[in-house]
Amino acid sequence: MPDVVVVGAGVIGLSIAWRLAQEKITVAVLDSGAVGGQASTAAAGMLAPGGEIKRRTEWSQFALDSFRLYPSFVNELQVESDTSIEFRRCGGVELAYSENEWAQLVERAATQKLLGVPTDPVTGAPLLSLVPGLELKGLVGAMLYPEDALVDPHHLVRALHAACISRDVSVRQKMPVLALRFNSGVEVQTGEGVLHAAAAILSAGAWSSSIPIEGPEIPRCGPAKGHLLAYYLNPGSLVPILRHGETYILQRAGGFTIAGSSVEDVGFDSTVDTAVATQIAIRARRILPLPAVPSKIWTGFRPRTEVGGPQIGRYLDTPLWLAYGHYRNGILMAPGTAARVASDVIAYLRSPGAA
Ligand SMILES: Cc1cc2nc3c(=O)[nH]c(=O)nc-3n(C[C@H](O)[C@H](O)[C@H](O)COP(=O)(O)OP(=O)(O)OC[C@H]3O[C@@H](n4cnc5c(N)ncnc54)[C@H](O)[C@@H]3O)c2cc1C
């Protein structure tokens with residue numbers, strides 16, 4: 001019997017499982033599909049407080065703390081998994097094509113400074129050396145976020161999976177969890193029977209609140225569908241993450257250049273909508289020259305809670321921890337979520353009250 005069952009093998013579940021296993025906790029991770037097969041590998045991989053944290057919220061400090069854990073998280077993970085992870089502090093540049101957009105960026109920068117997110121207006125030659133080929137027509141201003149970074153989420157998932165395996169975590173794919181009940185610990189109902197554990201983690205992304213759980217309803221979570229497009233450009237031709245409103249462009253190693261995105265309330269419909277993809281392509285080409293046809297288009301489901309913000313913590317006084325609803329920033333918040341949940345669960349398991 002494992003000490004802990006983790007429901008969902010996205011970056012959140014795998015990061016928590018890895019941290020628990022490092023502390024000699026026996027862990028089983030169950031996923032209804034493939035490891036990292038949902039939002040975690042659909043993500044662009046921006047680690048972008050500059051671009052994403054627009055005001056102080058209940059979660060802004062948590063997200064920043066998680067961001068600051070990234071360099072050591074990646075280093076440790078590379079060593080344990082014996083794989084390499086593309087992680088770069090590439091910076092971000094946000095563009096304003098109207099006075100109103102610029103005023104908003106300047107106001108936001110003032111808030112961000114108070115939060116400890118560095119921002120710097122950038123113009124002229126320095127801007128063009130950062131982003132050669134940038135569309136300057138109508139440009140009113142640009143804000144540099146020097147600390148924004150990117151990670152390749154595929155590398156992250158591969159490394160987390162390998163690190164979990166090397167720590168004897170049992171990772172079971174195509175094993176949907178059908179229900180969770182509490183009975184001196186947790187009973188995890190799967191299609192192959194019931195698994196007992198002292199504690200469980202619910203990290204099933206956008207599906208988390210659709211799993212029946214004994215007791216009062218947990219905060220609801222659903223899918224916010226997003227499309228991403230990719231183009232092959234000359235490697236190194238775009239260094240920072242380029243942003244304008246809801247449009248962003250970033251380049252991974254090898255010239256794989258991603259343009260996004262959309263936020264759609266269409267349920268769990270994963271089909272590519274050509275009209276949505278075309279709109280993203282048009283928006284992206286307004287700020288950077290891109291080939292007429294993308295090489296790849298895909299979609300994913302961001303886990304978005306109805307209450308807004310992620311659910312991270314113990315569910316009432318049960319042995320279940322919630323770790324879902326990270327919406328647009330689950331890759332960014334994975335190290336922080338893992339640190340918080342793993343330390344809580346370990347404290348619980350080592351307490352006299354645990355099953
Ligand atoms: C288009 C797009 C772009 C994004 N870009 C970024 C970005 O640049 N930066 C960033 O930080 N974040 C980004 N995100 C958000 C990020 O991808 C998510 O917040 C994060 O991946 C959530 O991780 P997760 O592990 O909670 O969910 P998931 O990766 O979705 O994992 C949940 C897992 O649970 C499994 N599951 C579901 N039901 C069950 C069940 N009943 N039993 C067992 N397993 C189950 C699923 O199969 C899945 O593997 C983006 C998301 C999208 C869609």
Side-chain angles (χ1 to χ4, degrees), residues 5-17 28-49 51-53 63 66-67 70 92 148-154 156-157 160-161 171-180 188-191 195 200-213 221 223-230 241 243 246 248-250 252 258-264 268 270 276 280 297-305 310-312 322-338 341:
V5 169
V6 175
V7 184
V11 286
I12 300 297
L14 290 172
S15 301
I16 296 168
V29 181
L30 311 181
D31 198 288
S32 51
V35 166
Q38 293 293 340
S40 296
T41 48
M46 294 179 294
L47 307 172
E52 294 285 323
I53 300 179
S66 184
F67 177 69
Y70 244 94
D148 282 9
L150 67 80
V151 68
D152 186 329
H154 290 266
L156 198 60
V157 164
L160 284 165
H161 190 188
V171 182
R172 303 284 306 274
Q173 310 192 62
K174 295 194 180 142
M175 177 72 80
V177 168
L178 307 177
L180 294 166
V188 182
Q189 179 73 53
T190 74
L195 210 63
I201 318 287
L202 180 58
S203 49
W207 294 265
S208 296
S209 65
S210 52
I211 299 172
I213 298 176
C221 185
K225 180 180 177 181
H227 278 72
L228 290 180
L229 282 54
I241 300 166
R243 310 180 68 112
E246 292 307 307
Y248 55 80
I249 309 176
L250 66 133
R252 292 189 196 150
I258 296 172
S261 180
S262 58
V263 179
E264 302 155 64
F268 287 105
S270 62
V276 174
I280 295 170
I297 307 176
W298 68 95
T299 65
F301 300 122
R302 304 175 187 91
R304 185 172 59 186
T305 59
Q311 294 298 309
I312 303 171
L322 308 180
Y324 64 82
H326 296 74
Y327 191 37
R328 296 169 65 106
N329 287 298
I331 307 293
L332 172 74
M333 290 198 258
T337 304
V341 173

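Every number for a ligand or one of its atoms is a count from 1 in the order of the listing.
Remark: aromatic rings of Phe268 and Trp207 are close, center separation under 6.0 Å.
Closest of all the heavy-atom pairs between Ala44 and Tyr248 is CB-CE1, 3.8 Å. Closest approach of Ile241 to Ala149, counting heavy atoms only: CD1-O, 3.5 Å. Shown here for Ala9 and Leu14, the closest heavy-atom pair between the two residues is O-CD1, 3.6 Å. Closest approach of Ile16 and Ala323 over heavy atoms only: CD1-CB, 3.7 Å. Between Cys221 and Ser209, the closest heavy-atom pair is N-OG, 2.9 Å.
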Assess whether salt bridge (Lys or Arg N to Asp or Glu O under 4.0 Å) is satisfied between Arg243 and Glu52, documenting all intermediate values. CA-CA 10 Å; Arg243 310 180 68 112; Glu52 294 285 323; 2.8 Å; yes
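If you take OG1 on Thr41 and CG on Asp152, they are separated by 10.0 Å, rounding to the nearest 0.5 Å. From Gln38, atom CD reaches atom CZ of Arg302 across 14.0 Å, with rounding to the nearest 0.5 Å. Note that OG of Ser261 is 9.0 Å distant from CG of Leu229, once rounded to the nearest 0.5 Å.
When the side-chain contact (heavy atoms from CB on, under 4.5 Å) test is applied to Ala179, the partners found at least two apart in sequence or on another chain are Arg181, Gln189, Pro212.
Checked by distance only, ligand 1 and Ala206 stay at 3.5 Å or farther apart across all their nitrogen or oxygen atoms. Not one N or O of Ala323 is nearer than 3.5 Å to an N or O of ligand 1, by distance alone. Of the N or O atoms in Leu332, one or more lie within a sub-3.5 Å distance of an N or O in ligand 1. An N or O contact shorter than 3.5 Å links Ser40 to ligand 1 by distance. Checked against a 3.5 angstrom limit, the closest N/O atoms of Gly36 and ligand 1 fall outside it. Looking at Ala39 next to ligand 1, an N or O pair under 3.5 Å apart turns up. Taking only nitrogen or oxygen atoms, main chain and side chain alike, Trp207 does not reach within less than 3.5 Å of ligand 1.
For atom 8 (O) of ligand 1, the closest non-hydrogen atom of the protein is Met46 N, 2.8 Å. Residue, atom and distance of the protein heavy atom nearest to atom 52 (C) of ligand 1 are Arg302 CG, 3.6 Å. The single protein non-hydrogen atom nearest to atom 12 (N) of ligand 1 is Arg328 O, 2.8 Å, given as residue, atom name and distance. In this structure, the protein non-hydrogen atom closest to atom 41 (N) of ligand 1 is Val177 O, 3.0 Å. With hydrogens left out, the protein atom closest to atom 31 (O) of ligand 1 is Gly10 CA, 3.5 Å, a heavy atom. In terms of protein heavy-atom proximity, atom 24 (P) of ligand 1 is nearest to Ile12 CG1, 3.7 Å. If you check which protein heavy atom lies closest to atom 20 (C) of ligand 1, you get Gly330 CA, 3.8 Å. Closest to atom 5 (N) of ligand 1, if we only count protein heavy atoms, is Ala44 N, 3.2 Å.
For atom 1 (C) of ligand 1, the nearest non-hydrogen atom from the set Ile241, Val157, Leu228 comes from Leu228. Looking at Ser32, Gly226, Gly33, Gly13 and measuring to atom 44 (N) of ligand 1, the nearest heavy atom belongs to Ser32. Between atom 15 (C) of ligand 1 and the options Tyr327, Phe301, Phe67, the minimum heavy-atom separation is to Tyr327.
In this structure, the side chains of Val11 and Val157 come closer than 4.5 Å at one or more pairs of heavy atoms. In this structure the side chain of Ser203 never reaches within 4.5 angstrom of the side chain of Tyr324, judged on heavy atoms.
By the 4.0 Å N-to-carboxylate-O rule, Glu246 lies close enough to Arg328 to be salt-bridged with it.
Within the listing of ligand 1, atoms 43 (C), 44 (N) sit less than 4.0 angstrom from a heavy atom of Leu30. Interface atoms of ligand 1 facing Gly45, defined by a heavy-atom separation under 4.0 Å, are 7 (C), 8 (O). Every atom of ligand 1 with a heavy atom of Ile211 under 4.0 Å away is listed here by number and element: 40 (C), 41 (N). Those atoms of ligand 1 that come under 4.0 Å of a heavy atom in Pro176, given as number and element, are 42 (N). Remark: ligand 1 atoms within the under-4.0 Å shell around heavy atoms of Val7 are 42 (N), 43 (C).
Look at Pro303 and you'll find a heavy atom under 4.0 Å from some atom of ligand 1.
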